[in-house]
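A short worksheet on the structure shown next.
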Amino acid sequence: MPDTAQQVPHQSADKLPRVFYRLALGDALSTYGSQLDLVALSLFAYEAAGNALGTAGYLIIRLAGGLVGGLVSGRLVARTDRRRLMTGCALAQALALVVVALAPVPARIPVLYSLALVFGGAAAVCAVALRTSIPEMVGSERRARANSLMASCRSAAMVLGFASAGVVVAWAGFRAALLIDASSFLVFAAVVLRLPLRTRAEPAEQSAAEPADPAGPAAGAKRRGSRWQALIVLRAAPVVGAMAAIRLLDAFGSAAHNISLPVFANQHSPGNPAALLGMFWATWAVGNLGAQQLVSRLLLRRGIEPGERAFALGTCLMSGCFILVFTGLPTPLFLLAAIGAGLGDGFTEISYTTRIQALADERRGQAFGLLTSAENVGMGTGMLLSGSLLALLSPLTVVGVSHAVPIVLALGFLVVVARSRKR
């Protein structure tokens, strides 16, 4: 099915196409499956290997797959039918889950480790293809509203996936849980395959959106086909490089607080650490969903589109609140900090996605691929270093240092953006 075979007319200047809600629900379902299989496969690796190194090895290989997927996704979304690309990635994850579920006990670890690259790489490529396609699906003027909807559905699915993973594994077992995960990707693949929305800009629109190359059309075409396309994107839009650096350090901080939260919960609620963790993530989800309402009701209705400044401010709010969470606040203030962390997280996700989608269709995929790779590098490095530092330092110290760096960088980015606008 070619990308431009069908197109549902947009309903109004401020409403999304009705079929886009179907895509948002399908993406939420696959996100639920991703979180469920992340927990299930981590436990699966732990039990199969008999130690924590089994889980660590699986997570590192999965992140490495995400890094590779981010590096190659820009070229793939530029040259491949995006609808088929997203469908293929979903089917690859579903097939990999079925293979792991049916693997005999002696082969579990080799099979799981070899397919970890598939899980990470396919998820990264699918995410880049989807984000790149949204402006063509709904129209450029509606992309912030679409990103807000997608972020809200995805956040709810993440929390539900994390919350239900232990119950599903305990009740149904690993194999049944993995097969449930696989079915979520099959549903997403079916939704994307039948979606009557185009995923790529028309040639005339793409050429009009792309700035003229000062060295001439031939040189521009040569550079676009080179192996250094990510560097070309950074040169054309240096703000993307700055945002990628902030996202890398932000992912490092995210790894730190994700690893430190169980330690913190056991220290401050030894009788029931799971209750403290559940309360935190549920409250975080409230803040994350609140970001969608703020963007929709306070910004978009006034014609304000979240951009670079919103991205920097959201990063500061998120990192600052995550640091506060580990300071041992009374419960009401602890929950308020959790809401702030979720609010900043959701606001940052919507604003940076919307800003990158303002790039021309050809460069958009490269930019998202670069950001995806940066996030995977930050998350992988953060897991390795934070896990080691927690043996020597307190959770507050580890999280404080890890989140202080993106705050400083975001504030510097905010100053540069303000000065450039004055000029």
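We use all heavy atoms of the structure for the numbers below, so side chains are in, but hydrogens, waters and symmetry mates are not. For clarity, every value in this text was computed on a predicted model and none was experimentally measured.
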Heavy-atom donor-acceptor pair, [X] side chain to [Y] backbone, under 3.5 Å:
| X | Y | value |
| --- | --- | --- |
| N288 | W284 | no |
| S269 | A265 | no |
| S402 | V399 | no |
| T80 | V77 | no |
| R83 | L195 | yes |

Any non-hydrogen side-chain atom of [X] less than 4.5 Å from a side-chain atom of [Y]?
| X | Y | result |
| --- | --- | --- |
| I61 | L117 | yes |
| L149 | F20 | yes |
| L23 | F188 | yes |
| M383 | I60 | no |
| L411 | C316 | yes |
| I323 | I407 | yes |
| S73 | T372 | no |
| E136 | R364 | yes |

* To do: Please collect all side-chain hydrogen bond (donor to acceptor under 3.5 Å, both in side chains) contacts where either partner lies in residues 329-350, sequence neighbours excluded, each pair once.
  =>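 Passing the test, one end in residues 329-350: R131-E349.
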Closest non-hydrogen atom pair, [X] against [Y]:
| X | Y | value |
| --- | --- | --- |
| L359 | A367 | CD1-CB, 3.7 Å |
| L289 | S152 | CD2-O, 3.2 Å |
| S386 | I259 | CB-CD1, 4.4 Å |
| G365 | T132 | CA-OG1, 3.5 Å |
| V19 | P196 | CG1-CG, 4.1 Å |
| A146 | I134 | CB-CG2, 3.8 Å |

Say you draw a straight line from [atom1] of [X] to [atom2] of [Y]; how long is it, rounded to the nearest 0.5 Å?
| X | Y | atom1 | atom2 | value |
| --- | --- | --- | --- | --- |
| L85 | T199 | CG | OG1 | 9.5 Å |
| L63 | E375 | CG | CD | 11.0 Å |
| I246 | L409 | CD1 | CG | 4.5 Å |
| Y352 | T315 | OH | OG1 | 10.5 Å |
| L29 | R154 | CG | CZ | 13.0 Å |
| L261 | F280 | CG | CZ | 5.0 Å |

* **All pairs passing salt bridge (charged side-chain N to carboxylate O under 4.0 Å, His left out) where residues 57-73 contributes a residue, at least two apart** =>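 The answer is D37-R62.
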* Asked: Pairs in or reaching into residues 249-259: which pass salt bridge (charged side-chain N to carboxylate O under 4.0 Å, His left out), with residues at least two apart or in two chains?
  ->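 Only R247-D250 qualify under salt bridge (charged side-chain N to carboxylate O under 4.0 Å, His left out).
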* To do: Could you give me the CA-CA distance, side-chain angles and deciding distance for L97 and L179, then say whether side-chain contact (heavy atoms from CB on, under 4.5 Å) is met?
  => CA-CA 7 Å; L97 285 165; L179 293 177; over 6 Å; no
* To do: Taking ring pair (Phe, Tyr, Trp, His ring centres under 6.0 Å) as the test, write out the residues that go with F326, two or more places apart.
  =>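 By the ring pair (Phe, Tyr, Trp, His ring centres under 6.0 Å) rule, F326 matches F264.
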* To do: Just jot down the side chain to side chain donor-acceptor pair (under 3.5 Å) partners of S394, sequence neighbours excluded, or say none.
  =>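 Side chain to side chain donor-acceptor pair (under 3.5 Å) list for S394, sorted by chain: T397.
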* To do: Could you tell me which residues satisfy side chain to side chain donor-acceptor pair (under 3.5 Å) with N147, sequence neighbours excluded, listed by chain and number?
  =>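 Checked N147 against side chain to side chain donor-acceptor pair (under 3.5 Å); matches are T354, Q357.
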Those residues that, when tested against [X], pass side chain to side chain contact (heavy atoms under 4.5 Å, CB included) (two or more places apart):
| X | value |
| --- | --- |
| T381 | F252, V377, L385 |
| A94 | A182, F185, L186 |
| P332 | P330 |
| A92 | V118 |

* Show your working on side-chain contact (heavy atoms from CB on, under 4.5 Å) between R355 and F311 and close with a plain yes or no. => CA-CA 9 Å; R355 173 59 184 85; F311 169 77; over 6 Å; no
* Short side-chain donor-acceptor distance under 3.5 Å, S140 and R143 ->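 R143 vs S140: donor-acceptor pair found between side chains.
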* Would you mind listing every ring-ring contact (aromatic ring centres under 6.0 Å, His included) that reaches into residues 396-415, with sequence neighbours excluded? =>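 Counting only pairs at least two positions apart or across chains, the ring-ring contact (aromatic ring centres under 6.0 Å, His included) contacts touching residues 396-415 are H257-H403, F322-H403.
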